[in-house]
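This chain uses plain numbering: 1 for the first residue, then up along the sequence. Keep in mind the model is a prediction, meaning the values are calculated, not measured. Atom set for the values below is all heavy atoms of this structure, side chains included, hydrogens, waters and symmetry mates excluded.
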Amino acid sequence: MYGKVISACLHGVDGKLVEVEVDLSNGLPQMMIVGLPDVAIKESMERVRAAIKNCGFTFPLQRITVNLAPADLRKEGSAFDLAIALGILKTSGQLPDEALRDTLIIGELALDGSVRSVPGVLSMIATAREHGIARLIVPTENAEEAAWIDGCELRCVRHLSQFRRSGGSEEAAAAGGAGELPAGPMESLTRETGKADEDYADVSGQLHVKRALMISAAGMHNFILIGPPGTGKTMLAKRLPTIMPPMSDPESLDVTKIYSASGKFADRRQLIRERPFRMPHHTISAGGLVGGGGIPKPGEVSLAHRGVLFLDELPEFSRAALEVLRQPMEDRFVTIGRARAVYRFPAHFLLAASMNPCPCGYWGAASDQQGCVCSPLKISHYRAKISGPLLDRIDLHVEVPRIEYKDLSGTQQPLSSAEMRAAVERAHEIQKRRYAEAGIMFNSELNGKKLREHVKLDPPSAQLLERSFAALGLSVRAHDRILKIARTIADLEGQFEIRADHVAEALQYRVLDKKINPHTLFG
């Protein structure tokens, strides 16, 4: 006897449909699962056998072969348990075929037949919907998450025994509890971004740094803050989400899929609306940053997708870990190859970084009380931990100096997050209208033909950039990033044309291109 049901697995952060084929034949009673299953799937044989018996069904005393197709796709996890159990019950005639036809089945089984939640349900259901499968059977704990995909007929199950009570019919299933949906409406998508207890009004002075962070948030430009200890670099960077533009619904769905696949989706009653802010420790490995493992999992760059990846004290990270950031910063995705498959993870993030000017932190600090004790060689080695190609990919280099006491005790009201966010959102709306047909959202995504189309300089601006290109020794990549920054500055001011003062301001954020050179460090 032969039967087939549909399930799914994760491939990176994407869902892949899997056909669970069941064959019952005469022979010694045994059960075998083929189709490149991992250890968790092989162990499902015992979970399925115990769950079927403990729920009042009859486990067939025959030779049972379960094939997970396509056979060349490696599968992992416990999401196939429920599909395998229902496939066996369907093939042995204990459940009608109509109840499971063209239905995606996902869930882990306990020995008593309870159906447990699994990660990555959102990605699996989205893939099923793309393939025209609209009927779903999922664990009740995943119900809120599954309900975010429109146009699906959703059945939620708590226990395998619900199928015995229902006899497979839809009407009886609802009566037996197999069709319950989350009570009440799903929560609104319009949540306020940023934490209420964090505000740029808490930071006294540093108006030029706040200006640079506004530019960064408006155009999604990478930045690095450099200055002595205690000047507020970390405090400034941590408040960046409070001024960033809100995520659109497609962005929220993409981010939620990543967190669902990673098992980090805590509140299933709502999509993730706040832009992610990831702050890994400097001891993190290269695999922890971009993802890895025998079957790769998303790393910090993917968990920061559509949000911020903040690397505090950048030179303290290992050189190997920093260099793996170069490709995702350019391509906005990570590709990890393994012997059996190639995995691709989204990684469209804003890189925020901070560093001291030297190992002790006080080189160049205007203070009679604290002076730098580092030798020129130490400073050169310290800064050389950040390679030129990586620094070239960071748009804004912002110096954060010590502030004066008068700035702390002054009566002037500091610039708040609300004021900064209002300006950022106005610039974001300008970009949305400009790039409505271009398939991009922010100025930082401009390249090639689109950059030449949307960033045009008048003669004074072009002459200023030409002189600076040779004087600062800029690369072609740095040249293009200056153009993108100038475009964002003009958007913040509501200007269509890019003027020379916009280019001049953009140029001042590339000072480390000159200062980072050890030969000119003290020149």
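- Under the salt bridge (Lys or Arg N to Asp or Glu O under 4.0 Å) criterion, Arg434 pairs with Asp491, sequence neighbours left out.
- Residues forming a side-chain contact (heavy atoms from CB on, under 4.5 Å) with Lys432 (at least two apart in sequence, or on another chain): His428, Glu429.
- Looking at residues two or more places apart in sequence or on another chain, you find no side chain to side chain donor-acceptor pair (under 3.5 Å) involving Ser262.
- Salt-bridge formation is not detected for the pair Asp150/Arg129: no Lys NZ or Arg NE/NH1/NH2 atom is positioned less than 4.0 Å from an Asp or Glu carboxylate oxygen.
- Pairs passing the ring-ring contact (aromatic ring centres under 6.0 Å, His included) check and including a residue from residues 336-359, sequence neighbours excluded, read His11-Tyr343.
- For residues 208-219, the pairs satisfying side-chain hydrogen bond (donor to acceptor under 3.5 Å, both in side chains) are Arg211-Glu505, with sequence neighbours left out.
- Ser302 meets the side chain to side chain donor-acceptor pair (under 3.5 Å) test with no other residue; sequence neighbours excluded.
- Atom CD1 of Ile485 and atom CG of Leu396 lie 4.5 Å apart (nearest 0.5 Å).
- Under a cut-off of 6.0 angstrom, the local environment of NZ in Lys378 is sparse, with at most 12 non-hydrogen atoms contributed by other residues, nucleotides or ligands.
- Counting only distance, with no hydrogens or angles, the side chain of Ser123 and the backbone of Val13 share a donor-acceptor pair below 3.5 Å.
- Looking at Glu497 and His502, their side chains never bring a donor and an acceptor atom within 3.5 Å of each other.
- Looking at residues two or more places apart in sequence or on another chain, you find a salt bridge (Lys or Arg N to Asp or Glu O under 4.0 Å) between Asp501 and Arg499.
- For the salt bridge (charged side-chain N to carboxylate O under 4.0 Å, His left out) condition, the pairs that include at least one residue of residues 297-317, sequence neighbours left out, are Glu76-Lys297, Glu251-Arg306, Arg278-Glu300.
- Counted by atom type alone, Ser252 and Arg273 present one or more donor-acceptor pairs between their side chains at under 3.5 Å.
- Side chain of Glu145 to backbone of Leu122: a donor-acceptor contact under 3.5 angstrom is found.
- By the side chain to side chain donor-acceptor pair (under 3.5 Å) test, His381 is found to be paired with no residue, residues two or more places apart in sequence or in another chain being considered.
- Scored by the side chain to side chain donor-acceptor pair (under 3.5 Å) test, Arg477 finds Glu330, Asp392 as partners (sequence neighbours excluded).
- By the side-chain contact (heavy atoms from CB on, under 4.5 Å) test, His281 pairs with Thr283, sequence neighbours left out.
- Judged as a salt bridge (Lys or Arg N to Asp or Glu O under 4.0 Å), and not counting sequence neighbours, Asp458 has no contacts.
- For the 3.5 Å distance criterion, the side chains of Ser416 and Asp199 fail to qualify, holding no donor opposite an acceptor.
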